[in-house]
Number of protein chains: 2
Amino acid sequence: MSTEPLSRARIVAAAIELIEREGADAVSMRRIAAELGVGVMSLYNHVPNKDALLSGVAEAVLSEIEFTDDPGADWTDRVRVQARAFRQIAHHYPRCTMLVVSRQVHSPAGMLPVERALATLRSAGFDGADAVRVLRVFIAFVVGSLLREVGVTPAFAPPREDAADPGVVDPALFPEVHALSALLDGCDHEGDFEFGVELMIRAIAVHPARREGTRTAADALGKADVDT
Amino acid sequence: MSTEPLSRARIVAAAIELIEREGADAVSMRRIAAELGVGVMSLYNHVPNKDALLSGVAEAVLSEIEFTDDPGADWTDRVRVQARAFRQIAHHYPRCTMLVVSRQVHSPAGMLPVERALATLRSAGFDGADAVRVLRVFIAFVVGSLLREVGVTPAFAPPREDAADPGVVDPALFPEVHALSALLDGCDHEGDFEFGVELMIRAIAVHPARREGTRTAADALGKADVDT
DNA sequence: ATTGACGTACGTACACCGTACGTGCAAGCT
DNA sequence: AGCTTGCACGTACGGTGTACGTACGTCAAT
């Protein structure tokens with residue numbers, strides 16, 4: 001068949017495809033080798049070990065983010081675009097997403113998003129230190145959201161009627177949970193994410209450390225309101 | 001030695017201790033059995049399988065959150081307290097935290113925090129639907145923060161002078177990252193978390209869907225400012 | 001043209017994993 | 001007494017990551 005010379009890229013690609021097809025638990029060196037029609041140990045000529053392979057997967061997925069950053073656009077729109085770009089790859093590689101967020105990435109692939117985000121926050125009026133902190137909060141939100149979104153979706157198939165709902169909550173002990181159980185069970189991930197992004201944008205907009213603002217006295221309010 | 005009758009609780013406790021001592025990768029049924037001075041298969045009399053054991057670990061850790069919710073306090077303080085309660089257990093069981101956040105918990109242990117949080121958000125002036133959405137955003141932030149905090153701390157020991165910093169970033173390609181590299185490398189987790197909590201609180205405070213506000217015209221501002 | 005070094009593919013082997021299955025023992029009930 | 005039940009345990013099977021040795025290209029220097 002394909003006498004293609006077997007490269008790290010091919011191995012990583014096979015791993016990604018395997019993960020998306022059968023889940024992260026299905027990944028094993030033997031499985032990937034079989035997928036490529038190749039001996040197990042041949043993989044080790046291109047990849048030092050399994051962990052490095054998975055890092056390669058994370059990096060490859062991350063590097064597929066499409067950043068069409070327009071420095072001239074309103075900073076709120078830039079934030080929206082960048083947040084959605086992250087979510088888009090999570091949708092394209094749902095089973096790989098957990099892998100990406102579980103391992104911190106120290107590579108150029110993970111750096112470009114950071115660069116773009118920092119530039120956006122600077123344009124929103126933050127100085128360096130605050131831009132970094134705001135960025136970290138935003139990343140935390142995005143990562144947490146995606147993790148929930150993919151974590152709740154391990155098996156697309158069943159309507160999930162397992163031992164969760166039968167234990168209908170005791171209204172006396174958990175009145176709020178009981179009253180809102182319909183909302184808590186439902187999952188409009190798209191809507192939840194957009195809601196969160198708008199909330200974060202608003203939080204950034206009213207942050208007291210911003211220099212030039214929406215000039216709606218938001219920063220003045222923030223200053224007066226927030227001081228401990 | 002201890003002729004203690006071996007129970008699910010003892011097994012879970014041993015697993016937690018093992019994880020904290022040697023990391024999550026060290027957990028194996030054989031290892032835990034050895035730790036307890038017991039045959040491997042004896043464990044299966046109390047735990048159906050390894051995955052259930054890990055769920056037990058997650059639930060046990062989660063149930064140790066200390067919630068001293070004061071319904072009379074200012075809602076902002078209640079939010080602060082609850083957020084810190086989460087972070088506190090993450091500090092007490094750093095290596096278990098990844099496990100807790102990676103698996104969605106459907107158990108009473110995970111429900112009490114939700115109940116408290118919803119009550120707090122209701123007291124902050126949100127109706128049911130918005131309370132749920134705001135809560136999800138907040139949880140996403142907390143989970144993302146803790147994940148970063150523990151993910152960046154797999155091995156406490158080395159000062160981490162691996163292949164990350166030597167590849168000093170190209171100032172031309174990544175000007176912002178280069179300029180702020182000192183800030184990006186440092187990690188004041190405590191400060192970052194508190195910064196994020198305050199940012200989230202401010203975001204909640206100015207949210208247009210709140211009924212009664214801090215009466216600082218924050219909601220009025222929010223309404224005027226945010227409408228697309 | 002011969003030799004040697006080198007990189008790649010591969011098979012074998014080892015230690016470890018989760019767990020299905022069968023066996024024996026001790027306690028409690030009839 | 002007999003019987004049942006439940007727990008501790010050993011063995012065994014199929015799977016895992018990967019260290020190590022081997023065989024076979026290709027290319028450089030002789």
Side-chain angles (χ1 to χ4, degrees), chain A residues 1-60 95-96 98-100 102-103 154-155 162, chain B residues 1-60 95-96 98-99 102-103 154-155 162-163:
Chain A
M1 314 312 172
S2 68
T3 160
E4 201 110 9
L6 184 61
S7 63
R8 177 187 161 102
R10 287 217 317 143
I11 295 174
V12 169
I16 292 179
E17 196 211 4
L18 180 62
I19 292 177
E20 289 307 326
R21 182 152 35 86
E22 306 194 18
D25 293 343
V27 221
S28 80
M29 300 306 264
R30 286 171 165 83
R31 197 78 173 65
I32 294 175
E35 212 80 15
L36 289 166
V38 110
V40 188
M41 294 315 289
S42 309
L43 303 177
Y44 286 88
N45 289 321
H46 307 269
V47 164
N49 53 48
K50 186 186 182 182
D51 201 66
L53 199 172
L54 295 182
S55 288
V57 169
E59 185 173 336
R95 334 268 296 245
C96 288
M98 184 76 73
L99 211 159
V100 174
S102 319
R103 91 187 32 227
D162 59 345
Chain B
M1 317 317 169
S2 68
T3 158
E4 201 111 7
L6 184 61
S7 63
R8 177 186 161 101
R10 286 218 317 143
I11 295 174
V12 168
I16 292 179
E17 196 211 3
L18 181 62
I19 291 176
E20 289 306 325
R21 183 152 34 85
E22 306 194 18
D25 293 343
V27 241
S28 79
M29 302 304 266
R30 287 171 162 84
R31 197 79 173 66
I32 294 175
E35 212 81 15
L36 289 166
V38 110
V40 189
M41 294 315 289
S42 308
L43 303 176
Y44 286 88
N45 290 322
H46 306 271
V47 163
N49 53 48
K50 186 185 182 183
D51 200 66
L53 200 173
L54 295 182
S55 287
V57 168
E59 184 173 338
R95 330 269 297 244
C96 289
M98 185 75 74
L99 212 160
S102 322
R103 88 187 34 227
D162 57 347

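Proteins get letters first, then strands, A, B, ... in listed order; numbering begins at 1 in each.
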Measure [atom1]/[X] against [atom2]/[N] and give the value in whole Å, please.
{"X": "Asn49(A)", "N": "dA19(D)", "atom1": "CG", "atom2": "P", "answer": "8 Å"}
{"X": "Leu43(B)", "N": "dG10(D)", "atom1": "CG", "atom2": "C1'", "answer": "14 Å"}
{"X": "Met41(A)", "N": "dA19(D)", "atom1": "CE", "atom2": "C1'", "answer": "7 Å"}
{"X": "Leu6(B)", "N": "dC9(D)", "atom1": "CG", "atom2": "C1'", "answer": "12 Å"}
{"X": "Asn45(B)", "N": "dC7(D)", "atom1": "CG", "atom2": "P", "answer": "6 Å"}
{"X": "Ile32(A)", "N": "dG15(D)", "atom1": "CD1", "atom2": "P", "answer": "17 Å"}
{"X": "Leu53(B)", "N": "dC17(C)", "atom1": "CG", "atom2": "C1'", "answer": "15 Å"}
{"X": "Arg31(A)", "N": "dG14(D)", "atom1": "CZ", "atom2": "P", "answer": "18 Å"}

Test side chain to side chain contact (heavy atoms under 4.5 Å, CB included) on Val27(A) and Leu53(A) and set out the steps. CA-CA 10 Å; Val27(A) 221; Leu53(A) 199 172; 5.9 Å; no
Between the base of dG17(D) and the side chain of Arg30(A), is there a donor-acceptor distance below 3.5 Å? yes
Assert: residue with more 5' nearest nucleotide on DNA chain D, out of Lys50(A) and Gly39(B), is Gly39(B)
I want to check something: taking the side chain as every heavy atom from C-beta on, are Asp51(B) and Arg103(B) in contact at a cut-off of under 4.5 Å? yes
Strictly distance-based, threshold 3.5 Å: is any side-chain N or O of Glu20(B) a donor or acceptor partner for the main-chain N or O of Cys96(B)? yes
Can you tell me if the side-chain N/O atoms of [X] get under 4.0 Å from OP1 or OP2 in [N]?
{"X": "Ser28(B)", "N": "dC17(C)", "value": "yes"}
{"X": "Ser42(B)", "N": "dC7(D)", "value": "no"}
{"X": "His46(B)", "N": "dA8(D)", "value": "yes"}

Heavy atoms under 4.0 Å, any strand shown: does Val40(A) hit a base, just sugar-phosphate, or nothing? base
Choosing from dA9(C), dA8(D), dG18(C), which nucleotide comes nearest the side chain of Tyr44(B)? dG18(C)
Which nucleotide, dT19(C), dT18(D), dA9(C), lies nearest any side-chain atom of Met29(A)? dT18(D)
Any chance you could lay out the side chain to side chain contact (heavy atoms under 4.5 Å, CB included) test for Arg21(B) and Leu18(B), step after step, and finish with the verdict? CA-CA 5 Å; Arg21(B) 183 152 34 85; Leu18(B) 181 62; 4.3 Å; yes
Please give me the minimum heavy-atom distance between Leu6(A) and His46(A), naming the atom from each residue. O-CE1, 2.8 Å
